[in-house]
2 protein chains.
Amino acid sequence: MPFQIPDSLILPALIERPFSMHYDFSDDDAARYRLDEQVGFLLRKASQRHLSIFSQNLSALTATQFAALAKLCELGPTSQNALGRATAMDAATIKGVADRLRARDLVTAEPDPVDRRRHYLIPTEAGRALYAELAGSALKISTETLAPLSDKERETLLSLLAKMG
Amino acid sequence: MPFQIPDSLILPALIERPFSMHYDFSDDDAARYRLDEQVGFLLRKASQRHLSIFSQNLSALTATQFAALAKLCELGPTSQNALGRATAMDAATIKGVADRLRARDLVTAEPDPVDRRRHYLIPTEAGRALYAELAGSALKISTETLAPLSDKERETLLSLLAKMG
DNA sequence: TCAATACCATTTGTGTACCAACGAATGTGA
DNA sequence: TCACATTCGTTGGTACACAAATGGTATTGA
């Protein structure tokens, strides 16, 4: 099943038209375009599936909040923006996530004595306890997300996703 | 600069507990959990990469808006919720997307004469023209998103993502 | 040393994404 | 035919996600 249309199939039809009309070039592309075969759409659906499984198995935190808490527990005291970089969230996003974690006393903020722009985020005891409590579920969620795939396929998928950056 | 704190720094404190306490089982999971290896995180990062490439190459519409317009052009007149199902958006989400497409006169709505709850969404001439104009860029975006992978790897990734549903 | 630059956290605004609830309309089975 | 369930579109609320702008603060390099 050819998932990818090679250039050789795309270009000729465009070239052999004697006259260029309004949407000729694009009409061909439009006819060839199938939403359901595009990476972006498949990635979005896979993410949706994952998030659905996540919220069903772990309702205490959102996936994003858990990611931030987990990374913070892994790294120890970290500035807010640095935590954002480590969890692939921009400054505005990590702020909201950190605020919600702080509102629930899972994380505290301490001013950095050296750099007055920064404040460290630090997991509280409750935060570490919750992380420890939920890590098992999180691992199970990853497994369940990959359930439709064989062991070898799971490995392959993870390495290809990692390769994509 | 060590980005990742090795197990040797995390585990000992947890292991040397003589008696099993509250989170012992989960502590192990917590030590084993690596955010950067979880499907959900890799999917989110891959989606981010895709959306970044999308907006750089196609600024006229968001990826979601383009998906809805493309599907609508593919299907022809479709009820709003049905379009949502075809594009993996729930009723609330597709409403917002449809509203924005209608505000830009890329889509119109016609009442369904048979079912008075429904209204059909129909791409306008401008909508079809824009889709035709942008489909080529959309295909290019998919290719560029997959650029880090070989041809065989791209096929594999797409089929695995499709298999995950 | 001081001006240009970079970084930190924050704010505002827009756009997904999903839940829960709603009224209106349709479909179903006894 | 009539109660019941389902579907349609909508609304309100919360939570990411990112762009762009801002005011502090640090770094740098001439």
Side-chain angles (χ1 to χ4, degrees), chain A residues 40-41 43-56 58-69 77-104 107 109-121, chain B residues 40-41 43-56 58-69 77-104 107 109-121:
Chain A
F41 185 67
L43 285 170
R44 191 160 66 83
K45 284 213 302 177
S47 281
Q48 281 176 358
R49 172 185 155 76
H50 166 71
L51 291 175
S52 165
I53 291 171
F54 193 101
S55 63
Q56 278 167 29
L58 196 161
S59 54
L61 293 174
T62 66
T64 312
Q65 288 163 11
F66 181 81
L69 179 60
T78 311
S79 81
Q80 187 171 279
N81 282 2
L83 181 60
R85 286 189 292 270
T87 52
M89 305 177 204
D90 78 347
T93 301
I94 191 65
K95 183 190 190 305
V97 174
D99 283 352
R100 285 181 282 276
L101 290 175
R102 285 201 295 172
R104 295 178 55 183
V107 160
E110 295 285 340
D112 181 335
V114 177
D115 186 336
R116 275 185 300 172
R117 294 172 302 178
R118 270 195 277 241
H119 62 261
Y120 284 124
L121 295 180
Chain B
F41 185 67
L43 284 171
R44 190 160 68 83
K45 284 212 303 176
S47 280
Q48 281 176 359
R49 173 184 155 77
H50 165 71
L51 291 174
S52 167
I53 291 171
F54 193 101
S55 64
Q56 278 167 28
L58 197 161
S59 54
L61 293 174
T62 66
T64 311
Q65 289 163 9
F66 181 81
L69 179 60
T78 311
S79 80
Q80 187 172 280
N81 282 1
L83 181 60
R85 285 189 292 270
T87 52
M89 306 177 203
D90 79 346
T93 301
I94 191 63
K95 182 187 191 306
V97 175
D99 283 352
R100 283 181 281 276
L101 290 175
R102 285 201 295 172
R104 294 177 56 181
V107 160
E110 296 284 339
D112 181 334
V114 178
D115 187 336
R116 278 185 298 173
R117 292 170 304 178
R118 268 195 280 240
H119 62 261
Y120 284 123
L121 295 180

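Below, read A as the first sequence line, B as the second, and so on, with proteins coming before strands; counting in each chain starts at 1.
Contact annotation: A:T62 side-chain N/O to D:dC16 OP1/OP2 distance is under 4.0 Å. Dashed line: the shortest gap from a side-chain N or O of B:R116 to OP1 or OP2 of C:dT26 is under 4.0 Å. OP1 or OP2 of D:dC16 has at least one side-chain nitrogen or oxygen of A:R100 nearer than 4.0 Å. Regarding contacts with the backbone of D:dA17, a side-chain N or O of B:R44 is found under 4.0 angstrom from either OP1 or OP2.
Across D:dT25, C:dA25, C:dC18, the shortest atom-to-atom separation from the side chain of A:Q48 is found for C:dC18. For B:V97, the listed nucleotide lying nearest its side chain is C:dT16; candidates were C:dT16, D:dA19, D:dA26. When each of C:dA9, C:dC18, D:dT10 is scored by its nearest atom to the side-chain atoms of A:Q80, the top-ranked nucleotide is C:dA9. Checking C:dG15, D:dT6, C:dC8 against every side-chain atom of A:R117, the shortest atom distance belongs to C:dC8.
A:D112 is not listed as a side-chain neighbour of A:E110, based on a closest heavy-atom distance of 4.5 Å or more.
For A:R44 (side chain) and B:T87 (main-chain N/O), a donor-acceptor pair under 3.5 Å exists by modelled atom type.
Residue whose closest nucleotide on DNA chain C sits further toward the 5' end, between B:A92 and B:G96: B:G96. Nearer to the 5' terminus of DNA chain C, by closest-nucleotide assignment, is the contact made by A:R118 (compared with the other of A:R118 and B:A88). Mapped onto DNA chain D by nearest heavy atom, A:D90 and B:R85 fall at different nucleotides, with B:R85 at the one closer to the 5' end.
To the nearest 0.5 angstrom, B:S47 atom OG is 12.0 Å from A:F41 atom CZ. Atom NE2 of B:H119 sits about 11.0 Å away from atom OG1 of B:T78, to the nearest 0.5 Å. Annotation: the span from A:I94 atom CD1 to A:L83 atom CG amounts to 4.0 Å, rounded to 0.5 Å. With rounding to the nearest 0.5 Å, the separation of CG in A:D99 from CD in A:Q80 is 6.5 Å.
Within 4.0 Å of A:S79, counting heavy atoms only, lie sugar-phosphate atoms of the nucleic acid but no base atom. Within 4.0 Å of B:D115, counting heavy atoms only, lie sugar-phosphate atoms of the nucleic acid but no base atom. Counting non-hydrogen atoms under 4.0 angstrom, A:S55 reaches nothing in the nucleic acid. Base engagement by B:T93 is indicated by at least one non-hydrogen atom pair under 4.0 Å involving a base atom.
In this structure, CZ of A:F54 is placed 17 Å from C1' of C:dC19, rounded to the nearest angstrom. Atom pair A:R49:CZ and C:dA17:C1' shows a separation of 18 Å (rounding to whole Å applied). Going from atom NZ of B:K95 over to atom P of C:dC19 covers 19 Å, rounded to whole Å. At whole-Å resolution of the value, OH in B:Y120 and P in D:dC8 are 11 Å apart. Residue A:L121 contributes atom CG, which lies 11 Å from atom C1' of C:dA9 at whole-angstrom precision. In this structure, A:K45 atom NZ and C:dC18 atom C1' are separated by 17 Å, rounded to whole Å. Computed from coordinates, the A:Q65 CD to D:dA15 C1' distance equals 8 Å when rounded to whole Å. In this structure, CG of A:L51 is placed 8 Å from P of D:dA17, rounded to the nearest angstrom.
Closest non-hydrogen pair, A:A68 versus A:L101, comes out as CB-CD1, 4.0 Å.
An end-to-end axis angle of 30° holds for the helix from C:dT1-D:dA30 to C:dA30-D:dT1, taken from five base pairs per end and rounded to 10°.
A side-chain donor from one of A:Q56 and A:S52 sits under 3.5 Å from a side-chain acceptor of the other.
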